[in-house]
Amino acid sequence: MADIKQIQNGEHMSLGQQIALTAKLSAPAIIAQLSTILMQYIDASMVGRLGADASASVGLMNSSLWMFWGVCSMLTMGFSVQVAHRLGAKDGQGAKAVLRQGIVACAIAGTIMALIGVAIAWQLPHWLGGKGEICHGASVYFLTFVSALPVLTMNYLAGGMLRCAGNMKVPGLLNVGMCLLDILFNFFLIFPTRSVIIGGAEITLPGAGLGIFGAALGTVAAECLIAGVMMWYLIRRQPDLTLTGAEAHKSYRPTREVLRKAAKIAVPMTTEHIIFCGAQITITLIVAPLGVVAIAANAFAVTAESLCYMPGFGIGEAATTLCGQSYGAGRYDLVRRFCHLTTLLGVAIMTVMALIMYACAHMMMAVMTPVEAIASLGTEVLRIEAWAEPMYAASIVAYGAFVGVGDTLIPATMNFGSIWLVRIPLAAIMAPTMGLRGVWIAMCIELVFRGLIFLWRMKTGKWLKPHQKPELPDPWVEA
């Protein structure tokens, strides 16, 4: 039976065992990612029933929310990857010290991001080119989410720590639970009290009628509840990382060495994410003059496409864990093998998902919006994007493997360089004559280019330097 402990114990692993372990870690990670995006898909579907203006309000803020969420998530990776390296080196006490420090540092970072978000919430929709009625709803939606960032950051940290410890199952199951809670809360918070006929009988369904605010509030409530459970499991039940008894009372003060290593890993990723989301916001600015239908179609299509590429991110998380623990154990042959296996698996699965998306594009859009003009335009751009998904998979999973060994600066540069030097110029040129279709053709071309350069870097092997042992700073050195 393939197990993560085989990496830590230096045991020989056959190709079959490597494939089995890759599948074992990837499957729950894929389910977790799909449940997360399904939650967004359901949110979009419910908001879509409120009309084109409500859909445009949400769509206008999506890129900005991804920036704030992503920055918090990337910052937690600086600590999670260190834990993977330490567990791979069988340094359980050091891993726990990094975890304690990560809790404090990430709580502070999440609070700072929340304060920044609250400060700009009412001006942001206008900066993004929003007009009229959609701006108020957009601000309310954004403000609700960013206010919860300190708790959401703890959710990202706990999930990342569990995954880097090789536990994909618990985060996966909790994400499914979060999806179910989100559906339940949104069902009662978005819509007003209404009557439906079931089996010939009239049934009154209670509702708060909060509209866009209800959609954001329901999702935030579900995420906060799951964050509490996730953190409890991490510090009370997860082997090698429990903070019980004397461990719970040791120092939580972030030390210079751990913060330096965290910054070395996270700063390039965070910078890349900010620049990447800045590009997404620029795309929003390009799309905004195209009208409400284009804004809504773009937002819904992005959500629908996520069902296709989120399995790639799940496999990328497995790649981070497998490569990170192998690197910490000094098993560089396994690092290369797991990088190749996970990338191949990601390309295969996302190719299948792309075929499904191409065939079912109109159905996917119709579920989210009853407005035919929005659904038709969204269908067209989804079918354009389907051609890019295999190469997109290569960039996602290879990036996850590179992160596992702490190689983040050059891959981050490749990511944001690709979108700013290829996607943005092409979109700006194509949008005035081709509308939203031109924007998505530009996206398709850029994703193919990005996948090719990541495959090239993986082939060169420059991301892995086996003559350099993984840097494991002393977690007890005070700042």
>> Rounded to the nearest 0.5 Å, what separates atom CG in L128 from atom OG1 in T282?
In response: 9.5 Å

> Just how far is it from atom CD1 of I315 to atom CG of L345, taken to the nearest 0.5 Å?
Replying inline: 4.0 Å

>> If I take atom CD from residue E389 and atom CE from residue M350, how far apart are they, to the nearest 0.5 angstrom?
In response: 4.5 Å

> Any chance the rings of Y309 and F313 have centres within less than 6.0 Å?
Replying inline: yes

> Q238 and N167: side-chain hydrogen bond (donor to acceptor under 3.5 Å, both in side chains), yes or no, with the steps?
Replying inline: CA-CA 8 Å; Q238 177 60 35; N167 185 346; 2.8 Å; yes

>> As an exercise, state the distance from SG of C135 to CE of M61, rounded to the nearest 0.5 Å.
In response: 9.0 Å

> Going through the distances and angles, do R236 and M231 end up as a side-chain contact (heavy atoms from CB on, under 4.5 Å)?
Replying inline: CA-CA 8 Å; R236 303 290 295 185; M231 184 59 73; over 6 Å; no

> Just how far is it from atom CG of L87 to atom CD of Q325, taken to the nearest 0.5 Å?
Replying inline: 5.5 Å

>> How close do G214 and I190 get, counting heavy atoms only, and between which atoms?
In response: C-CG1, 3.9 Å

> Any side-chain heavy-atom pair from V71 and M74 closer than 4.5 angstrom?
Replying inline: no

> Which heavy atom of C444 sits nearest a heavy atom of I384, and at what distance?
Replying inline: SG-O, 3.6 Å

> Does F213 offer a backbone N or O that forms a donor-acceptor pair with the side chain of T144 under 3.5 Å?
Replying inline: no

> Would you say R383 and M357 make side-chain contact, with heavy atoms under 4.5 Å?
Replying inline: no

>> Do L225 and F185 have side chains that approach each other closer than 4.5 Å (heavy atoms only, starting at C-beta)?
In response: yes

> T219: what forms a side-chain hydrogen bond (donor to acceptor under 3.5 Å, both in side chains) with it, not counting sequence neighbours?
Replying inline: D43, D182

>> Would the distance check show the side chain of T379 and the main-chain N or O of A375 forming a donor-acceptor pair, the cut-off being under 3.5 Å?
In response: yes

>> For a side-chain contact (heavy atoms from CB on, under 4.5 Å) check, start with the C-alpha distance between K96 and L243, then their side-chain angles and the critical distance, and finish with the verdict.
In response: CA-CA 7 Å; K96 291 180 182 180; L243 300 180; 4.1 Å; yes

>> Within the 4.5 Å heavy-atom criterion, are R237 and W232 side-chain neighbours or not?
In response: yes

>> Applying side-chain contact (heavy atoms from CB on, under 4.5 Å) to E317 and T321, what does each step give before you reach the verdict?
In response: CA-CA 6 Å; E317 290 175 355; T321 300; 5.8 Å; no

> L355: what forms a side chain to side chain contact (heavy atoms under 4.5 Å, CB included) with it, not counting sequence neighbours?
Replying inline: none

> Under 6.0 Å between the ring centres of F68 and F145?
Replying inline: no

>> Test side-chain contact (heavy atoms from CB on, under 4.5 Å) on I283 and R423; report intermediate values, then the result.
In response: CA-CA 9 Å; I283 292 291; R423 185 187 301 187; 4.2 Å; yes

> Considering residues, nucleotides and ligands other than H136, do more than 12 of their heavy atoms fall under 6.0 Å from its NE2?
Replying inline: no

> With R437, which residues qualify under side-chain hydrogen bond (donor to acceptor under 3.5 Å, both in side chains), at least two apart?
Replying inline: E380

>> Less than 4.5 Å apart, side chain to side chain, heavy atoms only: is that true for M230 and P171?
In response: yes

> If we only count heavy atoms from C-beta on, is the S64 to L124 side-chain gap below 4.5 Å?
Replying inline: yes

>> With heavy-atom distances below 4.5 Å as the criterion, would you say the side chains of Y156 and L75 are in contact?
In response: no

>> Would you call the rings of F402 and F454 parallel, tilted or perpendicular, taking 30° and 60° as the class edges?
In response: parallel

> Any side-chain heavy atom of V381 sitting closer than 4.5 Å to one from N298?
Replying inline: no

>> How long is the straight-line distance from CG of L152 back to CG of L157, given to the nearest 0.5 Å?
In response: 12.5 Å

